[in-house]
Amino acid sequence: MYRTLGQKPPEELFIAVRPPAQPQGAPGRVRPTLDGRATPEEWQGAAYLADLDGTTMQTPDDLIRGVALGFDEQNVYLRVDLRDGVRARDLVGQGYRLHVYATTPREEGGAAFPEGAEVSLGFPLQQRITLDLDQVREGQGVLVRFAYREGAWVMASSPADLAGRRAWVDEVVEMRIPYTTLKAEAGDTLRLAVVLERGVGCSTPPPTGLPWP
């Protein structure tokens with residue numbers, strides 16, 4: 001109907017109905033030592049979502065095995081596990097970027113698809129927290145926030161929380177994202193999805209998504 005009237009259809013019409021995946025457990029308080037190493041006991045209390053699609057499909061590009069999510073009084077913590085035999089540090093310098101797509105509380109609109117892909121994640125993508133693995137130095141990287149504005153992703157990072165939004169890359173990727181980066185306050189509800197892509201404009205592998213209650 002929009003096209004018949006010579007108008008551009010709203011992006012939200014292209015968002016597929018996709019209920020949030022159900023993780024093992026509920027996100028709880030964690031205090032991990034952030035060093036990029038897989039230490040399960042440090043993540044006790046976190047929720048864990050295995051990438052069942054990746055386990056089933058076993059495609060060479062599908063590297064995410066699962067995602068752990070926890071929090072404390074100021075931050076959200078994510079641990080991204082890769083499939084057996086793949087270490088996160090081996091992806092440095094290979095053109096990979098790791099994105100955390102999220103909704104933004106109290107905002108409308110958003111992108112229908114991740115950047116460079118046409119795979120709906122099931123919710124409007126209003127902000128993106130990105131780790132460029134090619135910019136990782138001595139096992140650490142800075143997370144950059146982008147916001148979706150008028151059909152484009154624009155950098156929207158604040159220098160106020162620069163020290164807080166960090167990633168550690170070794171066997172796995174561990175990320176610390178302040179609530180201020182996510183524009184979230186107590187009582188807010190967010191939806192998150194983790195996407196690993198290689199090369200700007202390339203199609204992304206099937207995404208791993210994790211609901212945030």
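Not counting sequence neighbours, the partners of D161 by the side-chain contact (heavy atoms from CB on, under 4.5 Å) test are S158, R165, P178, T180, T181. The salt bridge (charged side-chain N to carboxylate O under 4.0 Å, His left out) check on E185 picks up nothing, with sequence neighbours excluded. Here T104 pairs with Q127 under the side chain to side chain donor-acceptor pair (under 3.5 Å) rule; sequence neighbours left out. With sequence neighbours excluded, the residues satisfying ring-ring contact (aromatic ring centres under 6.0 Å, His included) with Y101 are H99, W153. With sequence neighbours left out, R166 forms a salt bridge (charged side-chain N to carboxylate O under 4.0 Å, His left out) with no residue at all.
Salt-bridge formation is not detected for the pair R65/E171: no Lys NZ or Arg NE/NH1/NH2 atom is positioned less than 4.0 Å from an Asp or Glu carboxylate oxygen. Here R97 does not pair with D134 in a salt bridge; the nearest charged N to carboxylate O distance is not below 4.0 Å.
Summarising the local packing, CD of E108 is surrounded by 12 or fewer heavy atoms from other residues, nucleotides or ligands at distances under 6.0 Å. At most 12 heavy atoms of other shown residues, nucleotides or ligands fall within 6.0 angstrom of atom CZ in R37. Within a 6.0 Å radius of CZ in R3, no more than 12 heavy atoms belonging to other residues, nucleotides or ligands are found. Within a 6.0 Å radius of CD in E118, no more than 12 heavy atoms belonging to other residues, nucleotides or ligands are found.
Not one N or O on the side chain of Q140 forms a donor-acceptor pair closer than 3.5 Å with the backbone of W168. Between the Q126 side chain and the G109 main chain, a donor and an acceptor come within less than 3.5 Å of each other. In this structure a side-chain-to-backbone donor-acceptor pair under 3.5 Å is missing from E174 to R79. No donor-acceptor pair closer than 3.5 Å links the side chain of S120 to the backbone N or O of F113.
Nearest heavy-atom pair across A102 and L192 is CB-CD2, 3.3 Å. Across all non-hydrogen atoms, the minimal contact from L190 to A184 is CD1-CB, 4.1 Å. Closest approach of L121 to A193, counting heavy atoms only: CD1-CB, 3.7 Å. In plain terms, the two heavy atoms of D62 and D51 that are nearest each other are OD1-OD2, 3.2 Å. Pairing each heavy atom of Y96 with each of L63, the nearest pair is OH-CD1, 3.7 Å.
Put simply, the side chain of L131 reaches to within 4.5 Å of the side chain of V169, judged on heavy atoms.
In the hydrophobic clustering of this structure, L143 groups with V67; members are Ile, Leu, Val, Met, Phe, Trp, Tyr whose side-chain heavy atoms approach within less than 4.5 Å, directly or through other members. A chain of hydrophobic side-chain contacts below 4.5 Å, direct or via other Ile, Leu, Val, Met, Phe, Trp or Tyr residues, connects V100 to L133. Clustering ILVMFWY residues whenever any of their side-chain heavy atoms sit less than 4.5 angstrom apart, transitively, puts V92 in the very cluster that holds L78.
Checked by atom type, the side-chain pair D81/Y48 shows a donor-acceptor distance below 3.5 Å. For the residue pair R128/T130, the side-chain donor-acceptor check at 3.5 Å is satisfied. Side chains of D72 and Y77: a donor-acceptor N/O pair is present below 3.5 angstrom, by distance only.
Counting only residues at least two apart or in different chains, salt bridge (Lys or Arg N to Asp or Glu O under 4.0 Å) contacts with residues 136-154 comprise E107-R149.
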